[in-house]
Amino acid sequence: MLSTYIETCLKSIIENVKTTYQLIIVDGLSADNTLSLISKYEEHVDTLISEKDHGIYDAMNKAVTYIKGKWVLFLGADDRLLPTFNQMENFLIEENTIYYGNGKNKNHLLGGAFTKYQVAKKNLCHQCIFYPKAVFNKYQYSLSYPVFADYLLNIQCWGDNDFKKVYKNVDITYYNMEGFSSYAEDKLFRQDKPKLVKQYLGNIVYIRYMIRKFKESKKADSKFF
């Protein structure tokens, strides 16, 4: 499945990033033709790691150790950058700031500015977030949460006053709604989420979140957690 998308993803990076960038690819020992497809674009790849890992977030933690630049954007093999991506490059100025924009999928748009409370209610599209490198000097993805480790990182970041959060109305990434998080379970994160909200986002946000959670629990079709 990975090889179905990887070439499209790589082409979108090459075509749409207009400034200097570092491309790090972490592959979990693919048994298909993924590596041969990547080899076609080796002049654009700075680092290629192909070894056994413990899931998506283990791979992302590995990638972080190779970062030389000031900001980090994560893409899955089934994501691709949009032509409007390059508009975002003009906004990357303050090195203690997390800049984020919009993600698109067919007719669906995930974006807008997020407050702490909004982050408590739902996750951001991580493929549209430019994290300053300093974030990963302080945090890493938790392997305890195989699906929602990115959500935990965003909860931590939005509760951390060391980092400003700035939204820009720019469409950055086309993302696959049928990816890993659409079908995999993460029961531990669902169980732990209330205490994580309280720990990182504070008591006021926690109380608002729990009231909303209680109301949503009365709805048979609610997907809120």
Side-chain angles (χ1 to χ4, degrees), residues 9 56-57 59-61 63-64 70-82 84-85 87-89 91-92 94-136 138-142 144-184 186 189-190 192-194 196-202 205-206 208-209 212-213 216 223-225:
C9 178
I56 295 170
Y57 298 107
M60 291 163 74
N61 283 336
V64 164
K70 297 178 181 178
W71 280 276
V72 187
L73 177 73
F74 294 99
L75 294 176
D78 54 352
D79 302 317
R80 66 175 187 264
L81 295 182
L82 297 170
T84 47
F85 166 87
Q87 297 174 18
M88 199 70 176
E89 297 172 18
F91 300 118
L92 304 181
E94 299 180 7
E95 295 181 23
N96 68 329
T97 299
I98 297 170
Y99 295 93
Y100 60 106
N102 307 322
K104 298 181 70 176
N105 182 277
K106 297 180 180 178
N107 296 322
H108 182 77
L109 178 69
L110 182 63
F114 274 64
T115 63
K116 289 183 180 181
Y117 176 56
Q118 287 170 315
V119 171
K121 291 193 295 180
K122 65 179 182 179
N123 196 14
L124 293 83
C125 178
H126 81 266
Q127 300 96 324
C128 302
I129 304 173
F130 293 80
Y131 297 99
K133 183 180 179 181
V135 163
F136 299 101
K138 194 168 187 178
Y139 304 108
Q140 64 176 358
Y141 290 104
S142 172
S144 298
Y145 305 121
V147 181
F148 292 115
D150 63 319
Y151 197 172
L152 171 57
L153 180 68
N154 289 331
I155 289 173
Q156 291 171 320
C157 288
W158 257 251
D160 192 332
N161 292 328
D162 286 347
F163 302 107
K164 291 172 59 179
K165 276 67 70 173
V166 174
Y167 166 71
K168 297 295 181 181
N169 188 19
V170 175
D171 296 341
I172 296 172
T173 309
Y174 183 95
Y175 63 96
N176 186 358
M177 290 284 286
E178 299 175 355
F180 180 66
S181 62
S182 68
Y183 61 84
D186 198 335
F189 180 82
R190 289 175 179 268
D192 289 351
K193 185 182 174 185
L196 296 171
V197 167
K198 185 176 184 179
Q199 178 180 353
Y200 294 107
L201 298 177
V205 172
Y206 169 73
R208 291 184 66 191
Y209 162 74
R212 176 65 182 273
K213 183 176 173 67
E216 290 290 333
K223 297 181 180 180
F224 188 88
F225 68 93

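Counting begins at 1 with the first residue of the sequence.
Between the CD1 atom of I155 and the NZ atom of K193 there is a distance of 6.0 Å, given to the nearest 0.5 Å. Atom CG of residue N123 and atom CD of residue Q118 lie 12.5 Å apart, to the nearest 0.5 angstrom. Taking CD1 from I98 and CG from D162, the interatomic distance works out to 10.0 Å, rounded to the nearest 0.5 Å. In this structure, the separation between CG on L196 and OH on Y206 is 11.0 Å, given to the nearest 0.5 Å.
Within the 4.5 Å cutoff, the side chain of I172 has heavy atoms near those of the M88 side chain. For the pair Y200 and N154, the minimum side-chain heavy-atom distance is 4.5 Å or more. The shortest distance between side-chain heavy atoms of F163 and V135 falls below 4.5 Å.
Listed for the K164 side chain is no donor-acceptor partner under 3.5 Å among the backbone atoms of Y99. Distance alone, capped at 3.5 Å, is enough to place a donor-acceptor pair between the Y57 side chain and the V147 backbone. Using modelled atom types, no side-chain atom of K168 and backbone atom of Q87 make a donor-acceptor pair closer than 3.5 Å. For the pair W71 (side chain) and T97 (backbone), a donor-acceptor distance under 3.5 Å is present.
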In sequence, state the C-alpha distance, the side-chain angles, and the governing distance for F130 and F85, and then conclude on ring-ring contact (aromatic ring centres under 6.0 Å, His included). CA-CA 11 Å; F130 293 80; F85 166 87; 5.8 Å; yes
I129 and D150: CA distance, side-chain angles, deciding distance, side chain to side chain contact (heavy atoms under 4.5 Å, CB included) verdict: CA-CA 11 Å; I129 304 173; D150 63 319; over 6 Å; no
Quick one, W158 with K165, criterion side chain to side chain contact (heavy atoms under 4.5 Å, CB included). Give me CA distance, side-chain angles, the key distance, then yes/no. CA-CA 7 Å; W158 257 251; K165 276 67 70 173; 3.4 Å; yes
Quick one: do F91 and V170 satisfy side chain to side chain contact (heavy atoms under 4.5 Å, CB included)? Show the steps, please. CA-CA 10 Å; F91 300 118; V170 175; 4.0 Å; yes
For side chain to side chain contact (heavy atoms under 4.5 Å, CB included), just list the numbers for L73 and L81, CA-CA rounded to whole Å, side-chain angles, deciding distance to a tenth of an Å, and then say yes or no. CA-CA 11 Å; L73 177 73; L81 295 182; 3.9 Å; yes
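For Y139 and Y131, the distance between ring centers is not under 6.0 angstrom.
With sequence neighbours excluded, no residue forms a salt bridge (charged side-chain N to carboxylate O under 4.0 Å, His left out) with D186. Applying the ring-ring contact (aromatic ring centres under 6.0 Å, His included) criterion to Y209, with sequence neighbours excluded, gives F224. For E216, the salt bridge (charged side-chain N to carboxylate O under 4.0 Å, His left out) partners are R212, K219, not counting sequence neighbours.
The aromatic rings of Y145 and F189 sit perpendicular to each other, their planes meeting at more than 60°, with 30° as the lower class boundary. Below 30°, between 30° and 60°, or above 60°: for F74 and Y141 the angle between ring planes is above 60°, a perpendicular geometry. The aromatic rings of Y151 and F225 sit perpendicular, their planes meeting at an angle over 60°, well past the 30° parallel limit.
The minimum heavy-atom distance linking S142 with A149 is given by the pair O-CB, 3.3 Å. C125 approaches Y175 most closely through the heavy-atom pair SG-CD2, 3.9 Å. N102 and G111 get closest at one heavy-atom pair: OD1-CA, 3.3 Å.
Counting heavy-atom neighbours within 6.0 Å of K104 NZ, excluding the residue itself, gives a total of 12 or less. Enclosure of atom NZ in K213 by more than 12 non-hydrogen atoms of other residues, nucleotides or ligands within 6.0 angstrom is indicated. Residue K138 places its NZ atom among more than 12 non-hydrogen atoms of other residues, nucleotides or ligands, all under 6.0 Å distant.
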